J.: 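Starting off with a structure, shown below.
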Amino acid sequence: PAAAAARHCRDWFEAWQCYPKGCRNSRQAVVHCRTMLASSPLFCDVVQMKARIKWVDGVTMLAESGSGHAIVMDGPPEFGGRNLGMRPMEMLLIGMGGCTEFDVLLILRRARQEVTDCLVELEAERSDTDPKVFTRIHAHFVISGRNLSRKHVERAIALSAEKYCSASIMLGATADITHDFEIRDE
């Protein structure tokens with residue numbers, strides 16, 4: 001378990017190129033992570049994230065991540081927006097989709113599954129009253145590849161949902177999250 005935790009930590013840091021304060025590479029990050037953790041790196045609090053949201057006009061905002069990427073967020077015209085970008089709640093849903101797809105691909109890669117394409121289609125419902133939290137989210141995975149094992153795909157999705165996907169686990173506090181999948185052989 002300790003070696004597996006160290007491998008997961010190293011893989012995560014290498015994939016995201018995001019290291020704890022004072023660490024310049026994945027090896028230093030793993031050492032740091034080992035000293036900080038008693039068990040799993042998945043709940044490790046060593047990676048600090050930052051974001052900056054700048055109001056532009058009306059309800060249009062420019063969001064910048066700590067990694068230097070930017071995106072425009074906006075609202076519909078009836079709320080003062082110009083429909084120039086995604087809504088903040090759409091970004092939450094997209095973030096969950098990206099998080100779970102990242103996990104599933106990583107798990108399948110480790111299982112030596114030959115994935116050639118992966119798509120996650122999300123559908124969500126929100127509460128009618130404020131706060132209008134997500135109450136139901138369904139994720140449909142379409143995974144293509146050569147000789148993919150149904151057992152491995154099912155396991156990867158379950159592990160992401162129950163153990164690894166931080167976004168799913170957080171949103172699952174208010175929403176009933178379900179998953180299904182189809183495999184397309186190529």
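No experiment lies behind these values; they were computed from the predicted model shown.
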J.: Under the side-chain hydrogen bond (donor to acceptor under 3.5 Å, both in side chains) rule, collect the residues that match up with Ser168, sequence neighbours excluded.
T.: none

J.: Who are the salt bridge (charged side-chain N to carboxylate O under 4.0 Å, His left out) partners of Glu125, not counting sequence neighbours?
T.: Arg136

J.: Is there a side-chain contact between Arg126 and Val133 in this structure, where contact means two heavy atoms from C-beta onward sitting under 4.5 Å apart?
T.: no

J.: Taking side-chain hydrogen bond (donor to acceptor under 3.5 Å, both in side chains) as the test, write out the residues that go with Arg87, two or more places apart.
T.: Asn83

J.: Tell me which pairs pass salt bridge (Lys or Arg N to Asp or Glu O under 4.0 Å) where either residue lies in residues 139-162, with sequence neighbours left out.
T.: Glu114-Arg146

J.: Running the 4.5 Å side-chain criterion over Ile, Leu, Val, Met, Phe, Trp and Tyr, what cluster does Val59 land in, apart from itself?
T.: none

J.: Output the distance between atom CD1 (Ile169) and atom OG (Ser160), rounded to the nearest 0.5 Å.
T.: 8.0 Å

J.: Between His179 and Phe141, does the side-chain contact (heavy atoms from CB on, under 4.5 Å) criterion hold? Intermediate values first, please.
T.: CA-CA 8 Å; His179 305 83; Phe141 288 82; 3.9 Å; yes

J.: For residues 167-185, which residue pairs qualify under salt bridge (Lys or Arg N to Asp or Glu O under 4.0 Å), counting only residues two or more places apart or in two chains?
T.: Glu182-Arg184

J.: With Ser65, which residues qualify under side-chain hydrogen bond (donor to acceptor under 3.5 Å, both in side chains), at least two apart?
T.: Ser67

J.: Please list, chain by chain and in numerical order, all residues satisfying side-chain contact (heavy atoms from CB on, under 4.5 Å) with Met86, sequence neighbours excluded.
T.: Ile71, Glu90, Met91, Ile94

J.: Name each donor-acceptor pair under 3.5 Å that joins a side chain in residues 115-123 to protein atoms two or more places apart or in another chain, with its distance.
T.:
unit_1 : atom_1 : unit_2 : atom_2 : d
Thr116 : OG1    : Ser144 : O      : 3.3
Thr116 : OG1    : Glu186 : OE1    : 2.6

J.: Short question: side chain of Asp74, backbone of Gly85 - any donor-acceptor pair under 3.5 Å?
T.: no

J.: Tell me every residue that passes side-chain contact (heavy atoms from CB on, under 4.5 Å) with Ala124, counting only those two or more places apart in sequence or in another chain.
T.: Leu93, Phe134, Ile137

J.: With distance as the sole test, does Arg52 use its side chain to make a donor-acceptor pair with the main-chain N or O of Glu64 at under 3.5 Å?
T.: no

J.: Do you know which two heavy atoms are closest between Ser127 and Pro131, and how far apart they sit?
T.: CB-O, 4.0 Å

